[in-house]
Amino acid sequence: HNIQEALDAATNGTVVLVTNGVFSSGGRLVAGDATTNRVVVNKPLTLLSLNGPEQTVIEGGWDPASTNGPASVRCIWIGEGAVAGGFTLANGSTSSKGGGVWSDGLGFQETAAGCIITNCSAAIFGGGAYQGRLRGCVLAGNRGQNGGGIGWGCADKCSITGNFAGTGGGAYDSYLHFCEVSLNSAPQGGSGIYGGQAWFCTVATNTGEGLRNSSARSCKVLWNAGGGALGSLLQGSLVRGNTPWGASTSTNVNCTFIQNASGTFGGRSTNCLFWFNASGSSGSRQTCILQPDDFSSYGDSNIQWLYPNLLWDGWHLAGDSPCVARGTSAAMGGVDLDGQPWSNPPA
């Protein structure tokens, strides 16, 4: 009936199993942090729900006077070497960092897995989560000043959706792998992702820029309302359907720009495909394949007036496409959007 009592009684390396219920009482402070935590996992052990996040909720509390004031209660604090799995962490708040979860670890090993982190708030970084490494988690409807979903952390195969922040609506200065980042907002920049790095992620339908001041490799940047990427590095990525541009003042290598209001605005593109972007593109482009509407070649080695021979899905290439084997192998690493090794040279 009391998670904290069970943790206090447990020894290092054991598993504490939690049955169904909403755990919303009690609290404990951690030295150096002014926010009360509903649960503190300060030993290297596993805290695991028996029946998953739909049945097992750790609930924090907002300060009734000012949301992130001194009466805030964070859902859970997780120390180095500990992991929490299969909980809903809801309604947590803090006057500092990590309204839902504060992880003491730096992201080298998991700190939370299979959790739903929702409706949490932080005055500074990470409305949902701060630091640590999340795997298979959902971060939805959280808010913070920097990083509505996650700040200064790592996330693997997570859904980061519907979060809000001043900067970095979905994620702020974090490392994301195989994540979906969608429907996030940030009026000061980076509605999807601000800073950090993304690998094999889908960054879609955010209200502002999908990425800002970020690095993205083998990502899909789709239908973002404030531009696909700003001031970022894109490698081997699909940039489609964004307004007012696919990428602005960014460096783009081996990327596909299709159906954006404008393909690029400024920046530099190498070995890229530009096709059906409504108003053309600007910036330096070298060895790119351009549609007629992308009227300025910005380089003698560009290929113009050739249909790229995309397949029915709109982003795979047919075998006879002029894009095949036109890429730069030195710029690529790892695998492509389908998780397959790059050809040498790549498309």
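None of the values given here were measured: they were computed from a predicted structure. Positions are given from 1, in the same order as the sequence printed here.
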Qualifying residue for side chain to side chain contact (heavy atoms under 4.5 Å, CB included) with Ser121, from Asn68, Asn91, Asn142
Asn68

Taking [X] for its side chain and [Y] for its backbone only, find out whether a donor-acceptor pair lies under 3.5 Å.
| X | Y | answer |
| --- | --- | --- |
| Ser72 | Gly69 | yes |
| Asn252 | Cys255 | no |
| Asn277 | Asn260 | yes |
| Arg143 | Gly148 | no |
| Ser214 | Arg212 | yes |
| Ser174 | Trp152 | yes |
| Asn224 | Thr243 | no |
| Ser321 | Gly319 | no |

Report the C-alpha distance between Leu47 and Phe87 in whole Å, list the side-chain angles of each, state the deciding distance to 0.1 Å, and finish with yes or no for side chain to side chain contact (heavy atoms under 4.5 Å, CB included).
CA-CA 9 Å; Leu47 179 68; Phe87 295 93; 3.7 Å; yes

Heavy-atom pair of closest approach, residues Ser95 and Ala123:
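Looks like O-CB, 3.4 Å.
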
Heavy-atom closest pair (Ala186 atom, Gly169 atom, distance to 0.1 Å) is CB-N, 3.4 Å

Counting only heavy atoms not in [X], do more than 12 sit closer than 6.0 Å to its [atom1] atom?
| X | atom1 | answer |
| --- | --- | --- |
| Lys43 | NZ | yes |
| Trp77 | CH2 | yes |
| Phe265 | CZ | no |

Hydrophobic cluster of Leu17, others only, ordered by chain and residue number, side-chain cut-off 4.5 Å:
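Reading the cluster by chain and number, Leu17 sits alongside Val15, Leu48, Leu50.
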
Honestly, is Arg133 close enough over Phe108, meaning NZ or CZ under 6.0 Å from the six-membered ring centre and within 45° of the axis?
no

Heavy-atom side-chain proximity of [X] to [Y] below 4.5 angstrom:
| X | Y | result |
| --- | --- | --- |
| Asp338 | His316 | yes |
| Gln145 | Gln188 | yes |
| Leu317 | Leu310 | yes |
| Gln197 | His177 | no |
| Arg28 | Asp8 | yes |
| Val73 | Asn37 | no |
| Pro187 | Phe164 | yes |
| Cys75 | Cys120 | yes |

If hydrophobic clusters are built from ILVMFWY residues whose side chains come within less than 4.5 Å, do Ile3 and Val41 share one?
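Yes, because Ile3 and Val41 connect within a single hydrophobic cluster, where side-chain heavy atoms sit under 4.5 Å apart.
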
Under 4.5 Å between side-chain heavy atoms, counting indirect links through other Ile/Leu/Val/Met/Phe/Trp/Tyr residues: same cluster for Ile78 and Ile117 or not?
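Per the 4.5 Å side-chain linkage, Ile78 and Ile117 are co-clustered.
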
Closer than 4.0 angstrom, basic N to acidic O: yes or no for Glu110 and Arg135?
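Salt bridge: yes.
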
Ion pair present between Arg74 and Asp33, side-chain N to carboxylate O less than 4.0 angstrom?
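Salt bridge flag = yes for Asp33 with Arg74.
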
Parallel, tilted or perpendicular: which fits the ring planes of Phe125 and Tyr130, with parallel below 30° and perpendicular above 60°?
parallel

Would you kindly say whether Asn213 and Tyr194 are connected by a side-chain donor-acceptor distance under 3.5 Å?
yes

